[in-house]
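For the single chain, residues carry numbers from 1 onward in sequence order. All figures in this text were calculated on a predicted structure; none of them were measured in a lab.
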Amino acid sequence: MDTTTKQRLVFAVNGQRFEVCSIDPSTTLLEFLRSQTPFKSVKLSCGEGGCGACVVLLSKYDHVHNKVEDFTVSSCLTLLCSIDGCSITTAEGIGNSKDGFHPIQQRFSGFHASQCGFCTPGMCVSLYASLVNADKTNNRAKPSPGFSKLTVSEAEKSIAGNLCRCTGYRPIVDACKSFATDVDMEDLGFNSFWRKGESNEVKLSRLPPYNCNYVTRVFPEFLKKETAVGPNLGSERYHWYSPVSLEELQCLLQMEANGGTSMKIIVGNTGMGYFKELVQYDKYIDLRCIPELSIVRKDSTGIEIGAAVMISKAIEALKEENESGFSKEAKLVFEKIGDHMDKIASKFIRNSGSVGGNLMMAQRKHFPSDIATILLSVDTILEIMTGERRLKLTLEEFLGMPPLDSKTVLLSIKIPCWESSRDVSSGACNKLLFETYRAAPRPLGNALPYLNAAFLAQVSLYKNPTGFMLKNCRFVFGAYGTKHSIRVKEVEEFLYGKLLSFGVLYEAIKLLETLVIPEGGTSSPAYRSSLAVGFLFEFLSPLIDSPIDFSDGLVNGYNRTSLSKNSNQQHDLGQIEFPTLLSASRQVIQLNKEYHPVGEPTIKAGAILQASGEAIYIDDIPSPKDCLYGAFIYSLEPRARVKGIKFNPGSSPKGVIALITSKDIPGLNLGSKIVFGTEPLYADDLTEGVGQRIAFVVADTQKNADIAADLAVVDYDKENLEPPILSVEEAVERSSFYAPFFYPEQVGDFSKGMAEADHRILNSQIKLGSQYYFYMETQTALAVPDEDNCMVVYSSIQCPEFAHDTIARCLGVPAHNVRVKTRRLGGGFGGKAVKSIAVASACAVAAYKLNRPVRIYMDRKTDMIMSGGRHPMKITYSVGFKSTGKITALKLDILIDSGMFVDVSPILPDHMLGSLKKYDWGALSFDIKLCKTNLPSRAAMRAPGDVQASYIAEVVIEHIASTLSMDVDSVRNINLHTHNSLDLFFASAAGEPSEYTLPSIWDKLATTSSFYHRTEMVKEFNRCHKWKKRGISRVPIVHEVKMRSTPGKVSILRDGSIVVEVGGIEMGQGLWAKVKQMTAYGLGLVKCGGTQDLLEKVRVIEADTLSVIQGGMTAGSTTSEASCEAVRLCCKVLVERLVPLKQRLMEQIGSLEWETLILEAYRNSVNLSASSLYVPNFSTMHYLNYAAAVSEVEVNLITGETTILQTDIIHDCGKSLNPAVDLGQIEGAYVQGIGFFMLEEYTTNSDGLVITNNTWTYKIPTVDTIPKQFNVEIFNSGNHKNRVLSSKASGEPPLTLAVSVHCATRAAIREARRQLVSWSGRNEASSTLVQLEVPATMPVVKELCGLDSVQKFLQWTTAKN
């Protein structure tokens, strides 16, 4: 084996050999894969290791042990130079259309686990890695045929770090669990392989077969021959070094000190995901080839971990079987440290991030480290190297030092063995306690904690007086807004030698409150301090009020009585069943065969290609020759003149070609033009708000364009300008409004209704914030100049027609010179409607000016700042009601922040009223104002206005119930519509009485969800539990939707295959699948041989604005059914043309096959292409959707964490065009709603600049935050003559049902507050009204439950005793 210095990189991608001799060391694996290989499954979504879209399997050959290690890494952070000698497997390498698909991909497709598909390749790779590693284990029993050695728990957690915005995760988890050796097939949800009731044998036979013996890819032999020594690459400007000894490292560090060049020491480079660095380093030093830094040593004194050891390897070492004779206590400590580390980041980050790197970030840059906290509690010793000096010091000393310079290297971490001390003189029995804690938005990790803690204590049990005495304590807190983790020694000293009692604990907590104080500027400081109190209480209270005994050096019963455990006992895979993340869920679907294949739950079109990574998105289109790349420079001021743009002094961005401003636009300065108004592409002289586009920097690579945009400095002038309008209140003061497009009519007589009321609530206020789309694919476009002054633009957009018109006006050319193409979107949710027009136009203008192709793939931060998101609003309501709870009148004054440009804000009033009217308010009066501010302009987001209106309605209902001390479900029930009141509120949209299905849905849901029984169970639970409270809520929705005109085109080719074009855009909602089914049904009416199997002959192709015009906007939940109707009209024309020919041919030859008929049609010059424009008439334009949901939650009163235990939904889809697609839409929309109501904080600074602008700060739902049990029934409501084959929408209405989770949380908080009042010693009836903010995050919930609940409990208990 060659051991000389290597001057090249050699690696494999999907078995293909790659050799690189010269490359910029800052190049990531993702950049290389997407630009230098044909493998595009690896997606860029966040660029910081927070989403999993870019995950690949990295396989590394161990020359010493002759084995291959396989693990996932985040390719957006992994530097290319660090993968020398490795084999990379992407989704295409797992399986593809040419070599055959892998069972993973087939099952993802068959379980309907892919919608937009942008996240799916990463999900498949994550699962594949788990299968590979599980099946390599030798200590597990051989699985049954068709299964792997993976457990259900491991299968669920295999995708815990992967984000999905479309599906709601449940079908993804089912696809993963289908491989688990311990899965109950009955627990797997709806899929295309079997139907409910079939035997397990039949189910298994229909699953794509899996053989655990063939899962692992063969590691390329040519890589085994490569040297184990890392590469040393150099060029004039850059160097990459891979030292193999500490001496060699010292020489490199000394060389850097003398040379004055910039240097970066790396291991996994995962720190780049948090600390974004714009600087380009001259030298990179990779520590992973130094043996001393990459090994784990165990002896009787403890475990020593090299600083370059990956976190996942450290976890394995801490949790593996006792090889070094550790005591049971020491083993428990090591295990719990490992368990806590398992919650750091995600698996693919832990696989590449090092323990030492994490601690160095904590020391140098004050990173909120979990590792620092837990290791500080166990007296960890570190060894560092500075120059030629090697120094050992405690972790506490290390963290307390001034930030270390770049020449100081951490070498190792020593975790000592802990055992109970012996105290022979006192006769006390000493035992060891150790626990770790963290409170974070996501239970399984992939989220920074609000606070973490680790407590270690020697405990002595005394019998006279009886009690526990603490000795030798270590109480450590971190990540709460302090520079580094700290020990609270004052509390340790106070408790030392004291017999524990509630009184002593109360005094300790009062002391702790003075010590754990977040620094200024930290979010939720009081909450973080309360967590410290709560965790210490959790740790010590079981020693005071629980029956506990000692044995074997441990405290028996301690963990069982802990209020909320953060540790797991060791499990033997062969004996103990792992607890699972999600329970079995129920999907009830009624199939409709009347219009075959319409109504069948067919697999979503393109799903298998999405799973293999072969589905093409805009950024996957290969860059044309001489392609350039753009990035936006946007305003950081809410209102200012733009005097000029320059780059940071001392920074010279590479590769910049041009800076495009409004002066470079050949035609009109248009960023969008829709029916409601226009928006400029770039600010001319005056910027109207933060995030407004000012310029477009064009460079030779996307990275260089992004860096240049970040380094740009805009010269502003605010002299003699009116101050900006930064709130809706200021907009009202200055009468700054937009006009609504359609203003709904008031209902009834408000004054009369208020006069009839027994009770009135006047001028109560609520506020709602925004929500970001978080489509997995950010804004992207590619513009390619064509002959004769033409421009072809590929855009990820929901409305290509509007982009087409805007681009033509921008360029000053006729519309026929522009062509906009869109194949599919990696998620849209409304954010790729108007907002995408400017992205496409910017590329077109730059391409036109430079006469070269120009593309953009917007980075996540810029996308989050510029996108606008959901409309914030302020609501004031007055309501009158009877003593029975019947509402007589409601008045709403709503101020909507529409931002600096109008976008689609004028639709909001109509949308809001459509959802507000779900209850019979008696009379409904409203004043809705669209406020024009100097904040980012807002756009439509899935259920725009509807979701806010649903919340407003429930707030009013809850307020009434609280005022009357009534059960809130009774108030909802009494105010549900009759058909007469429905007709009054909705007029023609109400339809016939038989179409009003909400009452039957409402009653059926109570039965199927066991609502009343569970309500009693919740009450019993709350009586029996102090520190956890549950709530349950049932809510209805009535959702008005509107049909739009939509074009379609169907062409039959000579071989009988069919190509379809529609105006609607496929963005994950299954539009193509439904259109294919409708085409097969429509053409099948020809009724000849083979027409029953036309579905596989249909292909839907990309939208092309010069092929199918008047495409409009894909929005409002109804584009799928409108596109289907347009296609049905086309098919009707084609059938009318074909039937006479068919009849003549059948008279001649008898039976007739489809292919023969079409061939004869070609010979007879029958026109086999038909176009149509579906235009709904008055009776078909509007209709109502009905649904209801029951949600049950559990709130942890110590942390404020809300766990959704169960959700049950019944949704009326009419006669579903595709129940599999509609089921996915219902679940996905609902989970997106959970994000709005419970998790997603889209916050800004005082100027309106978004500050939660990355995956570190903006938390969408993950697999561990969805309902543990998620039951959905699609209600078949029969025939609706005015619907498209009796179908109804499913895309947006279910999102509004997520308010049920918020209402259930409110109910749980109400119980917590009642308990808090009782502890305070007050007997008077307190108000049960709970004003719960949106989103109801952990700090919000905890504050309402009582930031001082522990103190109140201790005071109450002490006084009682």
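With H871 as the partner, the side-chain hydrogen bond (donor to acceptor under 3.5 Å, both in side chains) test is satisfied by one option alone out of S898, S905, S770, S937: S905.
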Show, in sequence, the C-alpha distance, side-chain angles and deciding distance for F737 and V732, and conclude whether the side chain to side chain contact (heavy atoms under 4.5 Å, CB included) test is met.
CA-CA 8 Å; F737 305 116; V732 172; 4.2 Å; yes
Audit row: S925, Q746, side chain to side chain donor-acceptor pair (under 3.5 Å) steps and yes/no
CA-CA 5 Å; S925 174; Q746 316 278 325; 3.2 Å; yes
Step by step, would you call F1353 with W1027 a ring-ring contact (aromatic ring centres under 6.0 Å, His included)?
CA-CA 10 Å; F1353 169 75; W1027 298 105; 5.4 Å; yes
Let's go through Y1258 and E1240 carefully: what are the C-alpha distance in whole Å and the side-chain angles of both, what is the deciding distance for side chain to side chain donor-acceptor pair (under 3.5 Å) to 0.1 Å, and is it a yes or a no?
CA-CA 6 Å; Y1258 192 84; E1240 298 174 35; 2.5 Å; yes
Go through it in stages, so that I can follow the logic: the residues are K1029 and L1197, the test is side chain to side chain contact (heavy atoms under 4.5 Å, CB included), and I'd like the CA-CA distance, side-chain angles, deciding distance and then a yes or no.
CA-CA 7 Å; K1029 298 295 179 183; L1197 272 56; 3.7 Å; yes
Show your reasoning for whether side chain to side chain contact (heavy atoms under 4.5 Å, CB included) applies to H1039 and L1184.
CA-CA 5 Å; H1039 189 108; L1184 301 179; over 6 Å; no
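Taking the side chain as every heavy atom from C-beta outward, C931 and Y738 never approach each other to under 4.5 Å. Under the 4.5 Å side-chain criterion, counting only non-hydrogen atoms from C-beta, K1259 is not in contact with T1265. At least one side-chain heavy atom of V1195 sits under 4.5 Å from a side-chain heavy atom of V1341. Between R1306 and E954 the shortest side-chain heavy-atom distance does not fall below 4.5 Å. At a threshold of 4.5 Å between non-hydrogen side-chain atoms, the residues R870 and V947 count as touching. With a 4.5 Å cut-off on side-chain heavy atoms, M754 and T888 do not count as touching. Residues P740 and P909 are in side-chain contact: their nearest non-hydrogen atoms beyond the backbone lie under 4.5 Å apart.
Under the 3.5 Å distance criterion, with hydrogens and angles disregarded, no donor-acceptor pair is assigned to the side chains of Y450 and S524. Side-chain polar atoms of S1191 and T1207 form a donor-acceptor pair below 3.5 angstrom. With hydrogens and angles left out, the side-chain atoms of D946 and H911 include a donor and acceptor closer than 3.5 Å. No hydrogens or angles considered: a donor-acceptor pair under 3.5 Å links the side chains of S523 and R528. Checking T1199 against Y527 by side-chain atom types alone, no donor-acceptor pair falls below 3.5 Å. Of the N and O atoms on the side chains of D1212 and S1277, at least one donor lies less than 3.5 Å from an acceptor on the other residue.
Salt-bridge check for D1208 with R1034: failed, with every basic side-chain N at 4.0 Å or more from each acidic carboxylate O. Taking 4.0 Å as the cut-off between side-chain N and carboxylate O, D903 and R938 do not count as a salt-bridged pair. With respect to the salt-bridge test (charged N to carboxylate O, under 4.0 angstrom), the residues E1040 and K918 do not qualify. Comment: R942 does not engage E1292 in a salt bridge, judged by the lack of any side-chain N to carboxylate O separation of less than 4.0 angstrom. The existence of a salt bridge linking E1192 and R1014 is confirmed by a sub-4.0 Å separation between a basic side-chain nitrogen and an acidic carboxylate oxygen. K874 and D897 are not joined by a salt bridge, as no carboxylate oxygen comes within less than 4.0 angstrom of a charged side-chain nitrogen.
In the displayed structure, Q765 atom CD is contacted under 6.0 Å by more than 12 heavy atoms of other residues, nucleotides or ligands. Counting non-hydrogen atoms of neighbouring residues, nucleotides and ligands closer than 6.0 angstrom, the CD atom of E756 exceeds 12 such neighbours. When the shell of 6.0 Å around CD of E1343 is examined, it contains 12 or fewer heavy atoms from other residues, nucleotides or ligands.
Under the side chain to side chain contact (heavy atoms under 4.5 Å, CB included) criterion, L892 pairs with I875, Y877, L890, I894, L916, L924, F926, I952, not counting sequence neighbours. Partners of S883 according to the side chain to side chain contact (heavy atoms under 4.5 Å, CB included) rule, which considers only residues two or more places apart in sequence or in another chain, are D758, H759.
At least one donor-acceptor pair closer than 3.5 Å links the side chain of S1320 to the backbone N or O of L1316. Under a 3.5 Å cut-off, the side chain of S962 and the backbone N or O of L1329 do form a donor-acceptor pair.
Listed by first and then second residue, the salt bridge (Lys or Arg N to Asp or Glu O under 4.0 Å) pairs that reach into residues 993-1013 are K1004-E1273, sequence neighbours excluded.
Cation-pi check for R760 over F881 is not met; the charged atom does not lie both under 6.0 angstrom from the ring centroid and within 45 degrees of its normal. Relative to the ring axis of F986, K917 places its NZ or CZ within 45° and under 6.0 Å from the centre.
Using cut-offs of 30° and 60° for the angle between ring planes, the W921 and Y919 rings count as perpendicular.
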